[in-house]
Amino acid sequence: MEADVRDDGPPPVPAPERQAVSALPGPATAAARHTARAEELAASGDWERAYRHLRAAVRLLHGLPAADELDRLRREHAEAREQSRRDSLTASYNRRYLDERLVALLDDPAYRGTAGIAVALVDVDHFKQINDTYGHPFGDRVLQRLVAELDTGLPDGAFCARYGGEEFALVLPGRDLGDAVQVCEAARDRIDRHPWARLDPGLRVTVSAGVAHTSGPVDGLERLVGAADALLYAAKHSGRNAVAYRDERTGAVCLAGAAAARRSIRQPVAPSCDLGATAP
């Protein structure tokens with residue numbers, strides 16, 4: 001079977017290699033000639049014709065239309081790229097993807113205005129005690145289940161990433177502060193009500209979260225993440241198992257949901273929560 005290449009066809013193989021190539025089966029011989037020609041063309045900078053010869057070689061060797069084989073290679077490349085963005089333990093996105101994606105979102109004019117972008121940092125309460133009591137493999141299982149609960153209910157375009165250790169980031173582009181707080185409070189409540197006793201009768205897991213929001217340009221993602229981090233610690237200092245945010249109108253730090261009716265919160269939180277014209 002000879003592949004269709006519309007330029008100069010497969011060239012003769014150079015003499016030193018002719019004997020070895022002649023011992024190959026018919027399709028392999030033709031594929032070797034196409035490969036040799038592709039190398040010559042690539043060396044001279046003729047990449048388009050080199051590509052056509054390589055495509056013909058693939059078709060000959062695999063007995064598949066070249067387009068099918070290239071589609072397979074593209075799929076494999078896409079899968080490998082996606083895996084490189086994922087945390088190996090929890091399958092959430094990793095810190096590298098989080099940083100890259102946040103930079104792109106904050107630079108995108110589409111997310112400046114009323115909706116903006118919200119970032120929440122979520123931390124497992126007393127996670128060290130879980131590891132100390134049950135062991136690290138058990139703690140890994142807790143994190144895997146926790147990520148499943150965080151992913152549940154995320155709106156389109158939002159994603160969860162492992163920020164480090166037992167801390168996770170929720171990124172909600174195109175969502176105003178009220179929507180973002182509701183999403184995070186619902187996630188906190190799901191985790192609180194999750195049947196953790198199925199892992200161990202004495203186990204209870206809760207999380208604290210800080211939600212920062214911006215509707216305008218931010219000078220570096222560190223300011224937005226720093227605002228979320230300061231609000232996270234405000235939630236922890238208020239007694240944990242709570243979501244903290246800054247009221248857009250008054251600037252006061254508040255707790256969401258049931259925690260707001262049960263606790264007060266110390267004012268103010270760290271200055272890093274101040275995003276200027278934005279509303280964290």
Side-chain angles (χ1 to χ4, degrees), residues 90 92-93 95 98 101-102 105-106 111 114-127 142-143 145-194 196 204-215 218 221 223-249 251-263 265 269-270 272-273 275 278-280:
T90 64
S92 61
Y93 285 106
R95 178 69 178 272
L98 171 67
R101 184 67 180 136
L102 263 181
L105 289 170
L106 292 172
Y111 295 108
T114 304
I117 300 170
V119 173
L121 288 184
V122 182
D123 189 74
V124 184
D125 297 326
H126 302 298
F127 187 69
V142 169
L143 292 181
R145 294 201 180 191
L146 180 127
V147 165
E149 294 295 345
L150 289 175
D151 279 333
T152 300
L154 281 181
D156 290 343
F159 67 90
C160 173
R162 191 176 185 184
Y163 190 70
E166 67 272 19
E167 195 168 358
F168 296 85
L170 300 181
V171 178
L172 300 100
R175 300 285 163 173
D176 62 27
L177 178 61
D179 286 344
V181 170
Q182 288 181 9
V183 168
C184 294
E185 172 62 15
R188 182 209 61 78
D189 184 59
R190 280 196 307 274
I191 291 166
D192 191 18
R193 293 185 294 104
H194 183 81
W196 296 106
R204 186 191 177 198
V205 178
T206 64
V207 297
S208 300
V211 186
H213 183 268
T214 178
S215 55
V218 175
L221 64 88
R223 296 193 68 194
L224 183 60
V225 174
D229 191 52
L231 289 162
L232 165 61
Y233 279 95
K236 285 188 171 293
H237 293 157
S238 75
R240 294 181 169 81
N241 193 20
V243 174
Y245 65 97
R246 186 184 287 275
D247 184 270
E248 291 179 297
R249 183 178 60 85
V253 178
C254 307
L255 297 178
R262 298 194 306 265
R263 315 174 201 167
I265 191 166
V269 297
S272 59
C273 281
L275 296 179
T278 64

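Just so we're clear, the structure is a prediction, and the values are computed from it rather than from any experiment.
Of all heavy-atom pairs spanning Lys236 and Val124, the tightest one is NZ-O, 4.0 Å. Annotation for Tyr111 and Gly174: closest pair CD2-N, 3.5 Å, computed over non-hydrogen atoms. Across every non-hydrogen atom of Val142 and Phe127, the tightest pair is CG1-CE1, 4.3 Å. Across Ala235 and Ala242, no two heavy atoms sit closer than the pair CB-O, 3.6 Å. Minimum interatomic distance between Arg246 and Leu177 (heavy atoms only, all atoms of both residues): O-CD2, 3.3 Å.
Side-chain contact check for Val171 versus Arg101: every heavy-atom pair is 4.5 Å or farther apart. Between Glu149 and Val205 the shortest side-chain heavy-atom distance does not fall below 4.5 Å. Inter-residue side-chain proximity for Cys184 and Val122 is flagged as unmet; no heavy-atom pair is nearer than 4.5 Å.
A distance of 5.0 Å separates SG of Cys254 from CG of Asp247, quoted to the nearest 0.5 Å. To the nearest 0.5 Å, the span separating CZ on Arg188 from CZ on Arg193 amounts to 9.0 Å. In this structure, CG on Asp189 lies 8.5 Å from CG on Asn241, to the nearest 0.5 angstrom. The distance from atom CD of Gln182 to atom CG of Leu172, rounded to the nearest 0.5 Å, is 11.5 Å. Rounding to the nearest 0.5 Å places OG1 of Thr90 at 15.0 Å from CZ of Arg145. Atoms CG and OG1, on Asp123 and Thr206 in that order, are 10.0 Å from each other to the nearest 0.5 Å.
A side-chain contact (heavy atoms from CB on, under 4.5 Å) with Leu221 is found for one member of Leu105, Ile117, Leu106, Leu98 and no other, namely Leu106.
At distances below 3.5 Å, not a single donor-acceptor pair connects side-chain atoms of Arg175 with backbone N or O atoms of Ala158. A donor-acceptor pair under 3.5 Å is formed between the side chain of Trp196 and the backbone N or O of Ile191.
Few gaps surround CZ on Phe159; more than 12 heavy atoms of other groups in view lie less than 6.0 Å from it.
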* To do: Start with the C-alpha gap between Val211 and Leu231, add the side-chain angles, then the distance that decides, and say whether side chain to side chain contact (heavy atoms under 4.5 Å, CB included) holds.
  => CA-CA 7 Å; Val211 186; Leu231 289 162; 5.7 Å; no
* Is there a side chain to side chain contact (heavy atoms under 4.5 Å, CB included) between Arg190 and Leu150 once you walk through the steps? -> CA-CA 8 Å; Arg190 280 196 307 274; Leu150 289 175; 5.9 Å; no
Side-chain donor-acceptor contacts of residues 161-170 below 3.5 Å, not counting sequence neighbours, with atom names and distances?
{"residue": "Arg162", "atom": "NE", "partner": "Gly165", "partner atom": "O", "Å": "2.8"}
{"residue": "Arg162", "atom": "NH1", "partner": "Asp87", "partner atom": "OD1", "Å": "3.4"}
{"residue": "Arg162", "atom": "NH1", "partner": "Asp87", "partner atom": "OD2", "Å": "3.2"}
{"residue": "Arg162", "atom": "NH2", "partner": "Gly165", "partner atom": "O", "Å": "3.0"}
{"residue": "Tyr163", "atom": "OH", "partner": "Arg95", "partner atom": "NH2", "Å": "3.4"}

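At a cut-off of 3.5 Å, with distance as the only test, a side-chain donor of Asp125 or Ser208 sits close to an acceptor on the other residue.
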